[in-house]
There are 2 protein chains.
Amino acid sequence: MINNSQYTEKLRNSGLRPTKQRIKICEVLFNTDKTFHFTINELVEKISKSTNHKISLATVYNTVHAFKKKGYVKEIPINSDQSYFDTNTSHHHHFYDESQKDLIDLDEADVEPVKINTKIPGKKIKSVEIIVKVEDDNT
Amino acid sequence: MINNSQYTEKLRNSGLRPTKQRIKICEVLFNTDKTFHFTINELVEKISKSTNHKISLATVYNTVHAFKKKGYVKEIPINSDQSYFDTNTSHHHHFYDESQKDLIDLDEADVEPVKINTKIPGKKIKSVEIIVKVEDDNT
DNA sequence: TCAATAGTTTAGAATGGTTATAATGTAAAA
DNA sequence: TTTTACATTATAACCATTCTAAACTATTGA
Ligand SMILES: [Mn+2]
Ligand SMILES: [Mn+2]
Ligand SMILES: [Zn+2]
Ligand SMILES: [Zn+2]
């Protein structure tokens, strides 16, 4: 829970101009206690519910990608028909329920750390992501 | 290395009609010693190089998805602009080089087994996939 | 044999998630 | 101010993927 002037500051500090559109998107993404997962379409839906001033779809894409680059949101690597993002930027992994198309955080304590015992010459590791796909248990 | 009549049999045994298109796709995917990773577009490219009879893009999609369902290919969960598939269907994880857009198999021996110490009520685990993103090491 | 029928497969056309780019806005320089 | 360079927005286009109608194939039974 934060007020608009703090988003203005946050944006300016990251080298992003604090435009009306970006502040609104900040509000929808960050003005909440809980973090959450979202698709671009779900975000557009949330925005249009909370304001009358329309923000174009492309601007939402631009902004989310800018925020991703700054580390304010993360993209979750599942192959769905659309991309999933996460306002929880701490290091954590995910369950993905393909029938519900639902992402669920996996507590860091509930996954043993992954150990990679090899490397590729000239490359360094940027991230390690685990996706645990689940399905209905009909036993 | 296998001949066409064996693909015919393989297809029939899986309940898929051994059409011209599917046999050709089998040849391109499986008539090789090494397994490999591919996108649909790369597969279409390979097909058109090895035959004059054109197979429509939609048919390639249909066939790859049918083969995926039968377990003859796997889909790799990276978020790229297009889906990646793998003719190596054994359990293994991947490096992904985002700059080269290149997938590299991670030997099973080089990753400690992942242990998930929690579960979702009514759901069972279908798969566990690790993607290790790498970038150029400029040190 | 060979229609008639039902189910399967193909592929052209449409969809829709995403991005390229032209128009617009903003701020620093002159 | 005016000029200039750069940043941002949002329309229009792209293209990966899927829908669906047409073509094909196997089965049935006369
Ligand atoms: Mn898919
Ligand atoms: Mn993306
Ligand atoms: Zn999460
Ligand atoms: Zn592989």
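Throughout, protein chains are lettered first and strands after them, A, B, ... in sequence-line order, and every chain is numbered starting at 1.
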### Task
Report yes or no: do Asp86(B) and His92(B) form a side-chain donor-acceptor pair below 3.5 Å?
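Their side chains do contain a donor-acceptor pair, which is all the 3.5 Å distance test asks for.
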### Query
Any luck finding a side-chain donor-acceptor pair between His93(A) and Asp105(A) under 3.5 Å?
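Their side chains do not contain a donor-acceptor pair, so the 3.5 Å distance test is not met.
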What is the distance, rounded to the nearest whole Å, between atom [atom1] of [X] and atom [atom2] of [N]?
{"X": "Arg17(B)", "N": "dA6(C)", "atom1": "CZ", "atom2": "P", "value": "15 Å"}
{"X": "Lys20(A)", "N": "dT26(C)", "atom1": "NZ", "atom2": "C1'", "value": "13 Å"}
{"X": "Asp81(A)", "N": "dG16(C)", "atom1": "CG", "atom2": "P", "value": "11 Å"}

### Query
Do Lys133(B) and Glu129(A) sit within salt-bridge range, that is, some charged N less than 4.0 Å from a carboxylate O?
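Salt bridge: no.
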### Query
Is Lys24(B) salt-bridged to Glu27(B), going by a charged N under 4.0 Å from an acidic O?
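Yes.
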Under-3.5 Å N/O pairs linking protein and nucleotides 2-4 of chain C:
none

### Phosphate-side-chain proximity, Thr59(B) and dA11(C), N/O vs OP1/OP2 below 4.0 Å
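Yes, because at least one side-chain N or O of Thr59(B) sits under 4.0 Å from OP1 or OP2 of dA11(C).
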### Message
Nearest 0.5 angstrom please: Leu57(A) CG to Ile40(A) CD1, how far?
### Response
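Leu57(A) CG to Ile40(A) CD1: 7.5 Å, rounded to 0.5 Å.
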### Nearest-0.5 Å distance that lies between atom CD in Glu9(A) and atom OG in Ser14(A)
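Taking CD in Glu9(A) and OG in Ser14(A), the distance rounds to 10.5 Å.
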### Task
Consider the side chain of Arg22(A), meaning its heavy atoms from C-beta on, and name the nucleotide among dT18(C), dT18(D), dT9(D) that approaches it most closely.
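Of all the options, the side chain of Arg22(A) is nearest to dT9(D).
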### Task
Report the residue (Thr19(A) or Arg12(B)) whose heavy-atom-nearest nucleotide on DNA chain D is the more 5′ of the two.
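Result of the comparison: Thr19(A).
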Kindly give the atom pairs (protein nitrogen or oxygen, nucleotide nitrogen or oxygen) under 3.5 Å for nucleotides 20-23 of chain C.
none

### Query
Between the two ends of the helix from dT1(C)-dA30(D) to dA30(C)-dT1(D), what is the bend in degrees, rounded to 10 degrees, where each end axis spans five pairs?
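About 10° separates the two local helix axes.
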